Amino acid sequence: MKVEPEYKIDSVSDESSPTTNFTSDHRDFYQEILFGMKKIGFREFLHGHHFRGLVSELRQIHVEDIMAELMSESSDLSVWFFKELRDIYGFRHSRFSTLLVSHIFAGQRRFKELQVILEQLLQEEGKLCELLSNSFRKWESTGLVWDMLLFLSSRLRMVDESLYILKKMKDRNLNVSTQSYNSVLYNFRETDKMWDVYKEIKDKNEHTYSTVVDGLCRQQKLEDAVLFLRTSEWKDIGPSVVSFNSIMSSYCKLGFVDMAKSFFCTVLKCGLVPSVYSHNILINGLCLVGSIAEALELASDMNKHGVEPDSVTYNILVKGFHLLGMISGAGEVIQDMLDKGLSPDVITYTILLCGQCQLGNIDMGLILLKDMLSRGFELKSIIPYSVMLSGLCKTGRVDEALSLFYDLEAYGLTPDLVAYSIVIHGLCKLGKFDMAVRVYDEMCYKRILPNSRTLGAIMLGLCQKGMLLEARSLLDSLISSGDTLDIILYNIVIDGYAKSGCIEEALELFKVAIESGITPNVATFNSLIYGYCKTQNIAEARKILDVIKLYGLVPSVVSYTTLMDAYANCGSIKSIEELRREMKAEGIPPTNVTYSVIFKGLCRGWKLENCNQVLRERILEKFNHVLRDMESEGITPDQITYNTIIQYLCRVKHLSRAFELFKKMKSQNLDPTSATYNILIDSLCIYGCIRKADRFLYSLQKRNVSLSKFAYTTVIKAHCVKGDPEMAVILFNQLLDRGFNVSIRDYSAVINRLCRRHLAIESKYFFCLMLSRGISPDLDICEVMIKSDELLSWTIKWGLLPDQ
DNA sequence: TTAGGGTTAG
């Protein structure tokens, strides 16, 4: 039976010398225990009621003295006491007793047990160095404990401690094992210090050499690594597969899969057997350059080399499909995985989740996450949740992201810097800056320090709020902090300037970036193009296209589309066509944003306001032509493209064609937006089809479609004008019932129109309705009311004559 | 050797 610890351990400031705290009480206490043990028998005493009663009084100092006493009889007894206390009573031992037992283990060469207790010691203790030296002076045994401590501390990345121990060992001429040296070497493999450690190692082994190769690869000294591999120094051992793997991995990271392949062949030629690692590295490299077919082939050939794919292999392949944007293609990989008796793990699920989110299938992602939860992966990692948070944020579903974020704690997960940054960024992007700041403060309160990405999100929020000065000073503070900054952080503020039409400031910041040696990217220039277009300087904007090329970059579809939009706004169809040809020549495919702009340009250029029947037919023909272009290029219009086309079809009075497109939109599973409905309802009203507008509105209401206020006010206004004020009243009340924020402008629009039609009763009705809703009339409304003969006396009665 | 966060256009 396990007994829960019934005491708290005092923190003892200096346990290195137990005798310093020796008091008569203490001595009595431990002698009482020793006496009991000897009389009753050690095991019986320790497990009996008597000892249990003493446990709450037990302190580390007692334990140390008892152990020292037991040592004089038999070291095994001392170890036994140590373990019983730890395992039965959950006693947390002091450094002294741990080291005492360590030396016993070392002497008896019980390395596994030695490793376990030293690991615990290293993980629990903070400032070890100076205390260790005091503790070790007590034993003149072999250097085994030191060596093990060196090995473990360097494996735990406790660099300072390991260097300290190494120095002490050298001072005392104690033997440092190759294993420990290799572990130290490993910690320094990414720095020049690696060679100092390397030189000290007398008995170098395979691990030593492969660590050096790996280090050189990590230091981007790939050629040196290859040279080292060929060095005669280790001819007697010969290079290992591990070293080849490091080199192959480096070539793959650089995108040189062919080089990796040739090293793979060299492995075979040397008579070595490529491991699962070697295969996985090469399969991963192939996937990264998009050669999924070859990757699959290599995976299926693995058994020819006497190895079997593992779950890492399958995950790499799943990721390969994900990278190609073909996550559905991963189905077969998963099936193979299951056939081999391997189950998808958290990583598999996370990649699948990434793939679904990338395709915008957020709901599918949520299902996957749920599935994962039901398989009990919930406590393992925050990463899948971060993927989900990111997917939700990118599609504007920030509220859901926030609620998932705050559920994390319930799943036993603590959000980390990445998760916080995703949510903060999502909120900023959506303009919810105040909420973002609240989350940011919460993060800081939890002592999670923001990095430049988190601060980039905050800068984005500031820019969107128009707080450019604040955004700039945040950027400046990052610059002066001395960290190397990304172009992206500059881009955020440059774009902020451009969006607000501050092209001079944008250019100035651009210069700062260049002078700091930061290379701009296409997004930087695209923002500048936007800035010039915004300030009506299309000529300068266009010149940027050449500047982009001067920097060795390629203009993107965004560069062209932004320029086209500027031309579209002034109806310059010719320039748009020119750019369209240039894009085609450069091999830059348009997107549906480009096409929206093209449609806009066509409509503006044709001056639709005065268009006759012949022109209308030509426009319709052109629209159909461009739509066919889109189709042939495999671009599916999105909601905004549809809205643009529908809007312009409406402008040229092709309502039937507009409604056809509306139907087509739905048939393609694209949910019309409230703007779509607004455009259609507005057009029906403009062209006098008010009954149709009523029916359309009614059908939408019946289907619970979410409509904006505009849809209602448009129909209401039409009824006021066309003389059906009763319908206006009915719809206006619906507007109020549905909780829309009805302003004085809405009342004004209705009253204005009714007065002009001399509809006095309804005017009064709306006037009173407005007052009853706590809205006071403004000067405009009063003037309109007074101008109407029927309402003049009524208005005077209400005391609403203007002051003058 | 496998999983998460950033900038630009309608």
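Values below: all heavy atoms of this structure, side chains included; hydrogens, waters and symmetry mates excluded. Lettering of chains follows the sequences in order, A, B, ..., and the numbering in each one begins at 1. As the structure is a computational prediction, the values presented were derived from the model and not from experiment.
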Chemist: Among B:dA3, B:dT7, B:dG10, which is the nearest nucleotide to the side chain of A:Asn521?
Modeler: B:dT7

Chemist: Mind checking if A:Ile640 touches a base, just sugar-phosphate, or nothing, with heavy atoms under 4.0 Å?
Modeler: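 The residue A:Ile640 makes base contact.
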
Chemist: Sort out for me which residue in A:Ile362, A:Leu369, A:Leu366, A:Asn361 forms a side chain to side chain contact (heavy atoms under 4.5 Å, CB included) with A:Gln356.
Modeler: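 Only one option passes, and that is A:Asn361.
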
Chemist: Salt bridge check, A:Asp345 against A:Arg375: does any charged N sit closer than 4.0 Å to a carboxylate O?
Modeler: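 No, no charged N to carboxylate O under 4.0 Å.
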
Chemist: Hey, does A:Asp638 reach any base, or is it just sugar-phosphate, or nothing, if we go heavy atoms under 4.0 Å?
Modeler: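 The residue A:Asp638 makes base contact.
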
Chemist: A:Met388 CE to B:dA3 P: how many Å, rounded?
Modeler: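 The distance from CE of A:Met388 to P of B:dA3 comes to 19 Å, rounded to the nearest Å.
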
Chemist: Verify salt bridge (charged side-chain N to carboxylate O under 4.0 Å, His left out) between A:Arg542 and A:Glu582, making sure each step is shown before the conclusion.
Modeler: CA-CA 12 Å; A:Arg542 190 152 188 172; A:Glu582 204 177 308; 3.4 Å; yes

Chemist: From B:dT2, B:dT8, B:dA9, pick the nucleotide closest to the side chain of A:Ser556?
Modeler: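 The listed nucleotide nearest to A:Ser556's side chain is B:dT8.
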
Chemist: Is the base of B:dG10 touched by the side chain of A:Thr641 through a donor-acceptor pair closer than 3.5 angstrom?
Modeler: yes

Chemist: Out of B:dT1, B:dA3, B:dG10, which has the shortest distance to the side chain of A:Cys354?
Modeler: B:dA3

Chemist: Could you work out which one of B:dA3, B:dA9, B:dG5 sits closest to the side chain of A:Val558?
Modeler: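 Closest of the options to the side chain of A:Val558: B:dA9.
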
Chemist: How close or far is atom P of B:dT2 from atom CG of A:Leu317, stated in whole angstroms?
Modeler: 13 Å

Chemist: Roughly how many Å is it from CD1 in A:Ile492 to C1' in B:dT8, rounded to a whole number?
Modeler: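 Taking atom C1' of B:dT8 as the reference, CD1 of A:Ile492 is at 11 Å.
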
Chemist: Under 4.0 angstrom, heavy atoms only, what part of the nucleic acid is A:Thr313 near: base, sugar-phosphate, or nothing?
Modeler: nothing

Chemist: Could you tell me whether A:Thr562 contacts a base, only the sugar-phosphate backbone, or nothing, with contacts defined as non-hydrogen atoms closer than 4.0 Å?
Modeler: sugar-phosphate

Chemist: Could you state the atom-to-atom distance from CZ of A:Phe510 to C1' of B:dT7 in whole Å?
Modeler: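 That distance rounds to 14 Å.
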
Chemist: With the side chain of A:Asn280 defined as its heavy atoms from C-beta on, choose the nearest nucleotide among B:dT1, B:dG5, B:dT2.
Modeler: B:dT1

Chemist: Among B:dT2, B:dG5, B:dA9, find the nucleotide with the atom closest to the side chain of A:Ile316.
Modeler: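 Closest of the options to the side chain of A:Ile316: B:dT2.
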
Chemist: Looking at every strand, decide which applies to A:Leu417 at a 4.0 Å heavy-atom threshold: base, sugar-phosphate, or nothing.
Modeler: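 Since a base atom lies under 4.0 Å of A:Leu417, the category is base.
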
Chemist: Does A:Lys429 reach a base, just sugar-phosphate, or nothing at all? Heavy atoms under 4.0 Å.
Modeler: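 Result for A:Lys429 = sugar-phosphate.
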
Chemist: Using a heavy-atom cut-off of 4.0 Å across all strands, would you classify A:Thr644 as base, sugar-phosphate, or nothing?
Modeler: nothing

Chemist: Heavy atoms under 4.0 Å, any strand shown: does A:Asp416 hit a base, just sugar-phosphate, or nothing?
Modeler: base

Chemist: Distance criterion of 3.5 Å, no angle test: do you see the side chain of A:Asn284 paired donor-to-acceptor with the base of B:dT1?
Modeler: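 There is none.
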
Chemist: What nucleotide among B:dT8, B:dG10, B:dA3 has an atom nearest to a side-chain atom of A:Ala523?
Modeler: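 Nearest listed nucleotide: B:dT8.
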
Chemist: Side chain of A:His425 only, heavy atoms from C-beta on: which candidate in B:dA9, B:dT7, B:dA3 is closest?
Modeler: B:dT7

Chemist: With sequence neighbours left out, write down each residue that passes side-chain hydrogen bond (donor to acceptor under 3.5 Å, both in side chains) with A:Ser421, or none if nothing qualifies.
Modeler: A:Thr454

Chemist: Roughly how many Å is it from CG in A:Asn451 to C1' in B:dG5, rounded to a whole number?
Modeler: 8 Å

Chemist: Is A:Thr591 touching bases, backbone alone, or none of the nucleic acid, heavy atoms closer than 4.0 Å?
Modeler: base

Chemist: Can you tell me how far P of B:dT2 sits from CG of A:Leu342, to the nearest Å?
Modeler: 18 Å

Chemist: Rounded to whole Å, how long is the line connecting atom OH of A:Tyr567 with atom P of B:dA9?
Modeler: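 Distance, rounded to whole Å: 19 Å.
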
Chemist: Identify whether any heavy atom of A:Ile382 sits under 4.0 Å from a base atom; if not, whether one sits that close to sugar-phosphate; answer base, sugar-phosphate or nothing.
Modeler: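 Base contact - A:Ile382 has a heavy atom under 4.0 Å of at least one base atom.
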
Chemist: Using a heavy-atom cut-off of under 4.0 Å over every strand shown, decide if A:Val387 touches base, sugar-phosphate, or nothing.
Modeler: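 It contacts sugar-phosphate atoms only.
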
Chemist: Given atom CG of A:Leu323 and atom C1' of B:dG4, what is their separation to the nearest angstrom?
Modeler: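 A:Leu323 atom CG is separated from B:dG4 atom C1' by 14 Å.
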
Chemist: Using the side-chain heavy atoms of A:Val593, tell me which of these nucleotides is nearest: B:dA9, B:dA3, B:dT1.
Modeler: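 Nearest nucleotide to the side chain: B:dA9.
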
Chemist: Could you tell me whether A:Asp441 and A:Arg438 make a salt bridge, using a distance below 4.0 angstrom between a side-chain N and a carboxylate O?
Modeler: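 Answer for the salt bridge query: no.
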
Chemist: Does a side-chain N-to-carboxylate-O contact under 4.0 Å join A:Glu508 and A:Lys511?
Modeler: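 No, A:Glu508 and A:Lys511 are not salt-bridged.
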
Chemist: With sequence neighbours left out, what residues match A:Ser250 under side-chain hydrogen bond (donor to acceptor under 3.5 Å, both in side chains)?
Modeler: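 In terms of side-chain hydrogen bond (donor to acceptor under 3.5 Å, both in side chains), with neighbours along the sequence ignored, A:Ser250 is linked to no residue.
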
Chemist: Students often get this wrong, so: under 4.0 angstrom with heavy atoms, is A:Val418 touching a base, only sugar-phosphate, or nothing?
Modeler: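 A:Val418: base contact, heavy atoms under 4.0 Å.
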
Chemist: Give the nucleotide from the list B:dT7, B:dG10, B:dG4 with an atom nearest to the side chain of A:Ser386.
Modeler: B:dG4

